Amino acid sequence: MPVVPATSENIDRAAALLRDGAVVAFPTETVYGLGANAFDARAVARIFEIKARPAFDPLIVHVSGDAMLAGVTSGVPPTARTLIDRFWPGPLTLVLRKNENIPDLVTAGLPTVAVRMPDHPIARALIERAATPVAAPSANPFGYLSPTRAEHVAQMLGERVDLILDGGPSEHGIESTIVMLEPHPTLLRPGAIPAEAIEALIGPLAYELSDAAAPLAPGRLAHHYAPHIPVRIVDDPATVPVAERGDAALLAFSDPVPGYRVTRTLSHTGDLREAAAHLFEYLHELDASGVVRIDVQRVPEEGIGIAIMDRLQRAARG
Ligand code: TXA
Ligand code: MG
């Protein structure tokens with residue numbers, strides 16, 4: 001397996017690989033990304049191939065500074081600047097007008113590009129040393145659970161990736177929040193930064209989270225983030241008949257009940273941030289545990305809990 005610890009030498013090696021058109025998996029504060037030089041259409045094409053990602057689903061471009069941002073976009077509106085000043089580096093992706101140098105493959109032919117500056121020392125060092133913006137989706141096969149550990153990437157994509165930098169578990173465990181700025185500020189994906197924090201700065205957001213035929217974020221499909229076995233959302237696991245528990249797994253929020261073959265608890269104290277950090281990790285474990293179904297206890301839809309339920313609802317729509 002091409003997994004290596006993210007030492008300074010290995011970050012240099014990964015940066016050189018990116019410059020040479022290779023595909024490298026790397027840690028971010030949200031989930032692991034599968035990166036290629038954003039200006040290299042051939043390298044970016046390999047990302048789509050490795051993930052079996054449909055070409056209509058555009059990628060997020062990761063930058064390490066303002067100069068790089070300027071090379072990716074063609075203008076940053078004042079609302080975007082306000083959000084950048086407050087939330088970057090961090091788990092906020094902004095959809096801005098694209099620079100003509102960005103290949104159409106990256107943006108799926110859209111006139112816009114999604115950009116973020118990750119808040120992870122390894123990701124930032126990698127982008128800086130590669131000296132090029134890095135296009136990177138989450139490092140999982142299209143539609144499957146996102147990776148929050150290097151081992152997840154190795155298990156799912158293995159030798160197809162040129163190098164996997166291991167930087168330990170992802171801090172947030174859930175993807176970035178995506179906001180489109182024009183024609184008016186719109187939330188496209190709930191994520192690690194709660195929408196309220198954004199609205200507090202720039203006013204109300206329009207919500208475009210539907211599964212409309214042509215969603216504004218083309219990759220936001222109704223069925224996504226899913227394990228191989230079925231997922232069912234339950235309000236209160238204690239009401240699930242005991243007969244249905246024996247061959248299933250329970251992903252409890254805070255209150256496990258007996259009778260399930262396997263149980264994981266997202267946060268024993270009911271802390272939503274802790275729950276988000278464990279979400280994909282536990283789903284990976286339960287998916288591989290030999291049960292026939294995963295019952296997931298509903299979490300409160302507040303703060304990052306909104307992003308957790310967004311992922312779970314899509315996972316459950318099998
Ligand atoms: O936290 C994250 O955002 C992670 C890490 C690796 O940065 N990345 C991630 O990428 O979640 P991905 O490819 O799994 O999700 C990207 C989403 C997709 O739903 C895609 O449709 C949307 O971003 N997107 C990308 N470019 C867009 C654009 N120009 N307009 C609207 N949506 C866009
Ligand atoms: Mg993804």
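This is a predicted model, so every value here is computed, not measured. Counting convention: from 1, in listed order, for ligands and their atoms alike.
Between Phe142 and His224, the two ring planes are perpendicular [angle over 60°; tilted spans 30° to 60°]. Between Tyr144 and His228, the two ring planes are parallel [angle under 30°; tilted spans 30° to 60°].
If you check which protein heavy atom lies closest to atom 17 (C) of ligand 1, you get Ile178 CD1, 3.5 Å. The protein heavy atom nearest to atom 31 (C) of ligand 1 is Leu216 O, 3.2 Å. For atom 11 (O) of ligand 1, the nearest protein heavy atom (residue, atom name, distance) is Arg189 NH1, 3.1 Å. For atom 6 (C) of ligand 1, the closest non-hydrogen atom of the protein is Gly33 CA, 3.7 Å.
The main-chain N or O of Ala316 is never found under 3.5 Å from a side-chain atom of Arg232 such that the two would form a donor-acceptor pair.
Some N or O of Arg116 is nearer than 3.5 Å to an N or O of ligand 1, by distance alone. For the pair Ser138 and ligand 1, the shortest N or O to N or O distance falls below 3.5 Å. For ligand 1, the polar-atom distance check against Lys51 finds no nitrogen or oxygen pair separated by under 3.5 Å. Of the N or O atoms in Asp57, one or more lie within a sub-3.5 Å distance of an N or O in ligand 1. At under 3.5 Å, not a single nitrogen or oxygen of Tyr32, backbone or side chain, sits near a nitrogen or oxygen of ligand 1.
The Thr30 neighbourhood of ligand 1 comprises atoms 1 (O), 2 (C), 4 (C), 5 (C), with distances under 4.0 Å to a heavy atom of that residue.
Atom CG in Leu18 sits 9.0 Å away from atom CD1 in Ile127 (nearest 0.5 Å).
Residue Thr28 is tested with Glu175, His120, Arg116, Arg124 for a side-chain hydrogen bond (donor to acceptor under 3.5 Å, both in side chains); the sole match is Arg116.
Comparing heavy-atom distances from atom 24 (N) of ligand 1 across Ala25, Pro58, Gly35 singles out Pro58 as nearest.
In His268, the NE2 atom is not crowded: 12 or fewer heavy atoms of neighbouring residues, nucleotides or ligands sit closer than 6.0 Å.
With 2.8 Å as the limit, Ser138 counts as an N, O or S neighbour of the Mg ion (ligand 2).
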